[in-house]
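These notes concern the structure reproduced below.
Any value given below was found using the heavy atoms of this structure, including those in side chains, with hydrogens, waters and symmetry copies removed. Just follow the structure's listing: the first ligand is 1, and inside any ligand the first atom is 1.
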Amino acid sequence: MIENQINADIAIIGGGASGICSAISAKMTDKNLKIVVLEKLKRVGTKILSTGNGRCNLGNKNISEKFFHGSIKNLMEIISSIDTEDFFNSVGLLCRTDSEGRIYPYSNRASSVLDALRISLKNLDISEICGFDLKSIKKSKNKFILESGDMKVCAKKVIVASGGYSSPSLGTDGAVTEIIKNLGHKVTDVYPSLTSFNYKNSNEYKILAGIRVRGCVTAESGRKILESETGEIQFTSDSLSGICIFNLSHLVSKHRNIRIKIDVMPEKSFQEILDFLFYLKKIRRECNLEDYLTGIFAKNLGIYIIKKSIMKPLSVKVLELSSNEIKSIAGLIKSLYIEIVPSEKWNTSQVTSGGIHGESVSNDLESLILKGMYFSGEILDVDAICGGYNLMWAWSSGLWAGKKCAESFK
Ligand SMILES: Cc1cc2nc3c(=O)[nH]c(=O)nc-3n(C[C@H](O)[C@H](O)[C@H](O)COP(=O)(O)OP(=O)(O)OC[C@H]3O[C@@H](n4cnc5c(N)ncnc54)[C@H](O)[C@@H]3O)c2cc1C
């Protein structure tokens, strides 16, 4: 039985990055509106505290359309509608930018970001109702009726900012997306993104567990080259990880049977590597093959490359290597192929690739199915590479949807 009923002009479902921003901008647009943020967890903004390893990479100075994926037509218009640093300065948060353009709070603490946003919510007299786990949305006449277990909220308009499916322990399990889908909205297939790739055959790569190497990673599907990224690659016992791998993980939503090619010496040409390997043959003639590549790579990576590229036991002497075998080793250094399967784990992915399709929303981020319902953040079909871009989408789409929603009362 429903015990409590609350009335509001705008109810915001989800008190995460985009929900908080939508509340702030709606109230700044029209101070007379009664706005309530409905959050499932015990407090708003829990996920913000975990971002950027506790430092919150809240944005990036380098913006390009190619860093974002999704079907929202005016995505770049929305992203460019705010200057992230200016917005945070306006709520009292100082920022710093690193050499690669990534923006962090000056304090280097994600908690400062949340504190500044919560102070704004309080100053603007925006109510937070925590422990409100939305179970259903109904529209009757000009009102939305939102129900959790024992509470009912009636609102003239709603902004749905409940995030995606990634990191369910931080409140986001996709249940609201399913409700929105059942209301008639088009929702794309969803996949975990900014996540690792699992090895198809993990036994083969156990020897590499714990190794980190700077390399160029290329994702291929059949004969097609999809995308390349250069950066640190981390081999774990069952997966390939690292920021450059995370940035390729969105490809899983569009391509099956992806395989990964790693160039583990991207700064050197095939010929330069070959010359050095011939030189090594001269100076390590009496060594076992096991030590042939020691000094170039971590020992186990060297051993793996030799075992994979030639058929000789590691106890054989380096002087027995033929020219063709040395060429095979150099070839493998430039093209180490790894068969992978996409990770299906939501709990280890940072964002959701896919969501409410652009065909179901207007440029104002209002539903084309239910007038008066707006969306912001990760629930929409938008995701981005690492570097602060996902939060940029959350802040900017929240501010955008909040403003448009408040303006619609005039
Ligand atoms: C570990 C980790 C690190 C990250 N680091 C970065 C980073 O440094 N930089 C970056 O740009 N991005 C980062 N991201 C991604 C970024 O956090 C998200 O893209 C962003 O938080 C999405 O904002 P949102 O408001 O749309 O959703 P969320 O922040 O996920 O907020 C949604 C809110 O809705 C609430 N909710 C869900 N269901 C219900 C319900 N039924 N009823 C009521 N409330 C509900 C949730 O509890 C949650 O508080 C990281 C993500 C993770 C998981």
Q: Would you mind reporting whether I72 and L365 have side-chain heavy atoms less than 4.5 Å apart?
A: yes
Q: Mind listing the closest non-hydrogen atom pair of G14 and V37 along with its distance?
A: O-CG1, 4.2 Å
Q. Roughly how far apart are I273 CD1 and L280 CG, rounded to 0.5 Å?
A. 11.5 Å
Which N/O atoms of ligand 1 sit under 3.5 Å from a protein N/O, and at what distances?
| residue | atom | partner | partner atom | Å |
| --- | --- | --- | --- | --- |
| ligand 1 | 5 (N) | G52 | N | 3.1 |
| ligand 1 | 8 (O) | G52 | N | 2.9 |
| ligand 1 | 8 (O) | N57 | N | 3.3 |
| ligand 1 | 9 (N) | N57 | O | 2.9 |
| ligand 1 | 11 (O) | G388 | O | 3.3 |
| ligand 1 | 11 (O) | N390 | N | 3.3 |
| ligand 1 | 11 (O) | L391 | N | 2.7 |
| ligand 1 | 19 (O) | E378 | OE1 | 3.1 |
| ligand 1 | 25 (O) | A17 | N | 3.2 |
| ligand 1 | 25 (O) | S18 | N | 2.8 |
| ligand 1 | 25 (O) | S18 | OG | 3.0 |
| ligand 1 | 26 (O) | S18 | OG | 3.4 |
| ligand 1 | 26 (O) | E378 | N | 2.8 |
| ligand 1 | 30 (O) | K47 | NZ | 2.7 |
| ligand 1 | 41 (N) | D133 | OD1 | 3.1 |
| ligand 1 | 41 (N) | L134 | N | 3.4 |
| ligand 1 | 41 (N) | L134 | O | 3.4 |
| ligand 1 | 42 (N) | F132 | O | 3.4 |
| ligand 1 | 42 (N) | L134 | N | 3.0 |
| ligand 1 | 44 (N) | K40 | N | 3.2 |
| ligand 1 | 47 (O) | E39 | OE2 | 2.6 |
| ligand 1 | 49 (O) | E39 | OE1 | 2.6 |
| ligand 1 | 49 (O) | E39 | OE2 | 3.2 |

**Q.** Name of the residue among I79, N57, N62, D383 meeting side chain to side chain contact (heavy atoms under 4.5 Å, CB included) with Y389
**A.** N62
Q) Who are the salt bridge (Lys or Arg N to Asp or Glu O under 4.0 Å) partners of K371, not counting sequence neighbours? A) E366
Q: Indicate whether the side chain of E220 and that of Y337 have a donor and an acceptor atom separated by less than 3.5 Å.
A: yes
